[in-house]
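Protein chains get the first letters and strands the later ones, always in sequence-line order, with residue 1 at the start of each.
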Amino acid sequence: PCQGAAGRPAILYALLSPSVRAV
Amino acid sequence: AEPFSGGPGVPELILQLLQLEPDEDQVRARIVGCLQDPAKGRPDQPAPFGLLCRMADQTFISIVDWARRCMVFKELEVADQMTLLQNCWSELLVFDHIYRQIQHGKEGSILLVTGQEVELTTVAAQAGSLLHGLVLRAQELVLQLHALQLDRQEFVCLKFLILFSLDVKFLNNHSLVKDAQEKANAALLDYTLCHYPHCGDKFQQLLLCLVEVRALSMQAKEYLYHKHLGNEMPRNNLLIEMLQAKQT
């Protein structure tokens, strides 16, 4: 699966990160 | 939806959580919209299992949206937010399903987040034994919580407890999370004692139900992994990503 920073799930990171959500 | 009125004996934390509850009609409309094929402008018709996977993904996205609006959770850094959700995502999904069935109130069928009603005989005939077994086990918990007279106030508080159910040693902000856990436990205890004085152990009974939610969620994750190994899961599935993410 896609992994974000530090092996974290990228989709969840995108859902939580304000900077990503703002895009 | 069950109307809510404040009043004596409802702790402030529960009042706040009730205000944060998403509107079920809006959630349903959003998810139904997501499951439609935008190119053709009509409902998409993948295999039922694929549709269920997308439905579960979208339900989890709604849960993440709820968590992001929750007090305490919204104060945490993203790393802690991810750690908490990675710990409890499957339990929140199971509990969401359970509470929908309690509201649905029919033993012979289940209600999906999209508003569709599925007869248990259909589940038995089409879902396969593993999923059928999961659905039946969930229905037992529905009956148990129905008998306990789980209400909306207790539901929102239990959901909050599930969100914060991780040992604080895995988090950066120990004090904020520990404080949230203690306040939610105290609020649930106060509420049950005040509103169900004839049922002195309701608080303990509700917490025991969370143990079953956890067990059900473990079984559901095993089922998902089984489907994943059989290459039966859709690509870019959020739940599979959650399943495979590094756990704390």
Has B:M218 got more than 12 heavy atoms of other residues, nucleotides or ligands less than 6.0 Å from its CE?
no
Show the nearest heavy-atom pair for residues A:L16 and B:R68, with the distance to one decimal.
CD2-CG, 3.6 Å
First locate atom CG of A:L15, then atom CG of B:D65, and finally report the distance between them rounded to the nearest 0.5 Å.
7.5 Å
Under 4.5 Å from a heavy atom of chain A, the part of B:A79 involved
backbone
Closest heavy-atom pair and its distance - A:P9, B:M242:
CG-SD, 4.0 Å
Of all heavy-atom pairs between B:L238 and A:L12, which one has the smallest distance, and what is that distance?
CD1-N, 4.3 Å
Closest non-hydrogen atom pair, B:E241 against A:I11:
OE2-N, 2.7 Å
If you round to the nearest 0.5 Å, how far is CE of B:M82 from OG of A:S17?
9.5 Å
